[in-house]
Amino acid sequence: MIRRIAVIGLGTMGPGMAARLARGGLQVVAYDVAPAAIERARSMLSVAETVLDSLDIAPPPAGVGTVRFTDDIADAVSGADLVIENVPENISVKADVYRTIDGLIASDTIVASDTSGIPITKLQEHISHPERMVGMHWSNPPHIIPMIEVIAGEKTAPQTVATIRDLIRSIGLLPVVVKKDVPGFVENRVLYALLREAVDLVERGVIDPEDLDTCVSWGIGYKIAVIGPMALLDMAGLDIYKSVSSFLNADLSNRDDVAPMVLEKTEASKFGIKSGEGMFSYTPEQAKALQSERARKLVAVRRILEGRE
Ligand SMILES: NC(=O)c1ccc[n+]([C@@H]2O[C@H](COP(=O)([O-])OP(=O)(O)OC[C@H]3O[C@@H](n4cnc5c(N)ncnc54)[C@H](O)[C@@H]3O)[C@@H](O)[C@H]2O)c1
Ligand SMILES: Cc1ncc(C=O)c(C(=O)O)c1O
């Protein structure tokens, strides 16, 4: 039974995840190596709680469902039934965290990684009880998107997968168990196929970035929220898909390295909203306004999709 959860790493993903788990009645202890990240996470928590209210996700009874922040990793993980690792997408950074917590947790504590796509089998090499390690891949923003992928590595015990799947269900979220530990799992394999083509089209001057977003959001995104890709094939007709894919697949980007446009921007520290510039530019005020506008729209769409509106 999972009651107490340590969330390790409070950057983009950690605070919303902590808020959503606490709303599900779990005792969360949240830790980051950077004091500034802890401070930022504190303020993000109340923003996420307001969004959870607008989704009508009822608060748990008083006394359960709390988030406590700590700057001490031993304090964070001691007594935890589950540790969720949310540190940067880098095997050696993640492995350092596993090594640090290894001696601090019980042998049956489950260690989940929110990795975007590093195979769990690789991460398991760095922990002493690999049967208790599992992928628990949330989608950003984690307090709003209800789907979470659950991935077993070669050494993950089936019971570990079942425990995490049941936990996700028990707090009203939607687990999807991925059957093979492939890089990127399923969500990011599909997303990165789309992003590779989108970046390529902008880079080749086929379309401007703003128009690319209009085209994909209104032409594909809006539709795909209601009709998934497999159902869409049937709606379009497999005969049409066969004809179009027979000439188009060969023309799609098959780049197997990072696009020069992305390398140029990241080398200039243009990471997107978090640095004020990426594909577009953002003042701090614009970034804040955009975040609440996006949350408001995602909440409205979700309420409709769930038949609550
Ligand atoms: N950003 C996304 O959209 C997204 C979505 C799903 C999953 N993920 C995955 O989740 C993980 C975290 O991503 P993010 O976007 O939140 O990263 P981020 O860079 O925004 O935040 C990472 C946080 O980890 C902290 N950190 C670094 N080393 C640490 C350590 N040793 N101990 C504790 N904290 C440490 C950093 O201070 C930072 O606050 C990655 O594996 C990423 O691939 C990201
Ligand atoms: C670009 C990008 N990369 C990874 C992830 C998740 O792992 C996301 C997301 O959740 O939105 C993303 O947008």
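In listed order, ligands and their atoms are each counted from 1. For reference, positions follow the sequence shown, starting with 1.
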Seminar exercise, completed: The closest protein heavy-atom partner of atom 13 (O) of ligand 2 is L191 CD2, 3.8 Å
For this session: Tell me which protein heavy atom sits closest to atom 40 (C) of ligand 1, plus the residue, atom name and distance to 0.1 Å.
Result: V87 O, 3.3 Å
For this session: Would you mind checking if R42 and D71 are paired as a salt bridge, meaning a charged N to carboxylate O distance below 4.0 Å?
Result: no
For this session: Salt-bridge test for K242 and D239: reply yes if a basic N is under 4.0 Å from a carboxylate O, no otherwise.
Result: no
Problem set entry | Polar contact flag for E187 and ligand 2 (N/O pairs, less than 3.5 Å) | no
For this session: Please write down residue, atom name and distance for the protein heavy atom closest to atom 1 (N) of ligand 1.
Result: T12 CG2, 3.8 Å
Problem set entry | Test item: T100 side-chain N/O and D96 main-chain N/O as donor-acceptor pair under 3.5 Å | yes
Exercise. Does A34 offer a backbone N or O that forms a donor-acceptor pair with the side chain of D32 under 3.5 Å?
Worked result: yes
Exercise. Can you check whether S116's main-chain N or O pairs, donor with acceptor, with N188's side chain at less than 3.5 Å?
Worked result: yes
Exercise. With a 3.5 Å cut-off and no angle check, do the side chains of T163 and Q159 form a donor-acceptor pair?
Worked result: yes
Exercise. What atoms in ligand 1 come closer than 4.0 Å to a heavy atom of N140?
Worked result: 3 (O)
For this session: For R196 and L252, indicate whether the former's side chain and the latter's backbone hold a donor-acceptor pair under 3.5 Å.
Result: no
For this session: May I ask you to identify the nearest protein heavy atom to atom 2 (C) of ligand 2, giving residue, atom name and distance to one decimal place in Å?
Result: Y192 OH, 3.5 Å
Problem set entry | Those atoms of ligand 2 less than 4.0 Å from some heavy atom in S116 | 4 (C), 6 (C), 7 (O)
Problem set entry | Closest approach of any protein heavy atom to atom 10 (O) of ligand 2, naming residue and atom | N140 N, 3.1 Å
Problem set entry | Per-atom contacts of ligand 2 with S139, taking only distances under 4.0 Å to non-hydrogen atoms | 10 (O)
Seminar exercise, completed: among protein heavy atoms, the one nearest atom 27 (C) of ligand 1 is P88 CD, 3.4 Å
Problem set entry | Side-chain heavy-atom pair S54, R302 within 4.5 angstrom cut-off | no
Exercise. Considering only the protein, which heavy-atom contact is closest to atom 12 (C) of ligand 1, and what is its distance?
Worked result: N86 O, 3.0 Å
Seminar exercise, completed: Of E89, H137, M13, the residue with the heavy atom nearest atom 6 (C) of ligand 2 is H137
Problem set entry | Taking atom 34 (N) of ligand 1 as the reference point, the nearest protein heavy atom with its distance | V33 N, 3.4 Å
Exercise. If you take all heavy atoms of L55 and R308, which pair is closest and at what distance?
Worked result: O-NH1, 2.9 Å
For this session: Answer yes or no: is there a side-chain heavy-atom contact under 4.5 Å between L82 and I164?
Result: yes
For this session: For I120 and T115, run side chain to side chain contact (heavy atoms under 4.5 Å, CB included): C-alpha distance rounded to whole Å, both residues' side-chain angles, the deciding distance at 0.1 Å, then the answer.
Result: CA-CA 8 Å; I120 305 307; T115 172; 3.8 Å; yes
Seminar exercise, completed: The atoms of ligand 1 lying under 4.0 Å from a heavy atom of H137, numbered in the order shown, are 6 (C), 7 (C)
Problem set entry | D114, portion touching ligand 1 at heavy-atom distance under 4.0 Å | both
Seminar exercise, completed: heavy-atom search around atom 5 (C) of ligand 2 in the protein gives N188 OD1, 3.7 Å
Exercise. Sub-3.5 Å donor-acceptor pair from the side chain of K94 to the main-chain atoms of V87, do we have one?
Worked result: yes
Exercise. Applying a strict 4.0 Å limit to heavy atoms, is T115 in contact with ligand 2?
Worked result: no
Exercise. At under 4.0 Å between heavy atoms, which part of L10 makes contact with ligand 1: side chain, backbone, both or neither?
Worked result: backbone
Seminar exercise, completed: Quick note on ligand 1: atoms under 4.0 Å from a heavy atom of T115 include exactly 41 (O)
Exercise. Below 3.5 angstrom, do we get any N/O pair linking E89 and ligand 1?
Worked result: yes
Problem set entry | Nearest protein heavy atom with distance in Å, relative to atom 21 (O) of ligand 1 | G11 CA, 3.2 Å
Exercise. For the side chain of E309 and the backbone of R303, is there at least one donor-acceptor N/O pair under 3.5 Å apart?
Worked result: no
Exercise. Hey, is S116 touching ligand 1 through its side chain, its backbone, both or neither, going by heavy atoms under 4.0 Å?
Worked result: both
Exercise. If you measure from each non-hydrogen atom of W138 to ligand 1, which part falls under 4.0 Å: side chain, backbone, both or neither?
Worked result: backbone
For this session: Assess whether side chain to side chain contact (heavy atoms under 4.5 Å, CB included) is satisfied between F69 and E39, documenting all intermediate values.
Result: CA-CA 9 Å; F69 292 94; E39 282 324 301; over 6 Å; no
Problem set entry | Interfacing atoms of ligand 1 (cut-off 4.0 Å, heavy-atom, K94) | 40 (C), 41 (O)
For this session: Check for a donor-acceptor pair, side chain of R3 on one end and backbone N or O of Q27 on the other, with a separation under 3.5 Å.
Result: no
Exercise. Using 4.0 Å as the upper bound for N to carboxylate O, is an ion pair formed by D75 and R68?
Worked result: yes
For this session: Measure across E203 and M261 and return the closest heavy-atom pair with its distance rounded to 0.1 Å.
Result: OE2-N, 2.6 Å
Problem set entry | Ligand-side contact atoms (ligand 1) for residue partner A37, heavy atom cut-off under 4.0 Å | 39 (O)
For this session: Please work out whether any backbone atom (N, CA, C, O) or any side-chain heavy atom from C-beta onward of I145 is under 4.0 Å from ligand 2, and answer side chain, backbone, both or neither.
Result: neither
Exercise. At a 4.0 Å cut-off, with the gap strictly under it, does some heavy atom of E85 reach an atom of ligand 1?
Worked result: no
For this session: May I ask you to list the atoms of ligand 1 that are less than 4.0 angstrom from any heavy atom of I8?
Result: 33 (C)
Exercise. Which atoms of ligand 1 sit under 4.0 Å from any heavy atom of A34?
Worked result: 37 (O)
Exercise. Does E197 reach the main-chain N or O of S253 with its side chain, forming a donor-acceptor pair under 3.5 Å?
Worked result: yes
Exercise. Looking only at heavy atoms, which two atoms of I127 and M133 are closest? And how far apart?
Worked result: CD1-CE, 4.1 Å
Exercise. Would you say G14 touches ligand 1, if touching means a heavy atom closer than 4.0 Å?
Worked result: no
Seminar exercise, completed: atom 39 (O) of ligand 1 sits nearest the protein heavy atom D32 OD2, 2.6 Å
Problem set entry | Atoms in ligand 1 with a heavy atom of Y31 nearer than 4.0 Å | 32 (N), 33 (C)
For this session: If you have a sec, work out which protein heavy atom is nearest atom 31 (N) of ligand 1 and how many Å separate them, to one decimal?
Result: V97 CG2, 3.5 Å
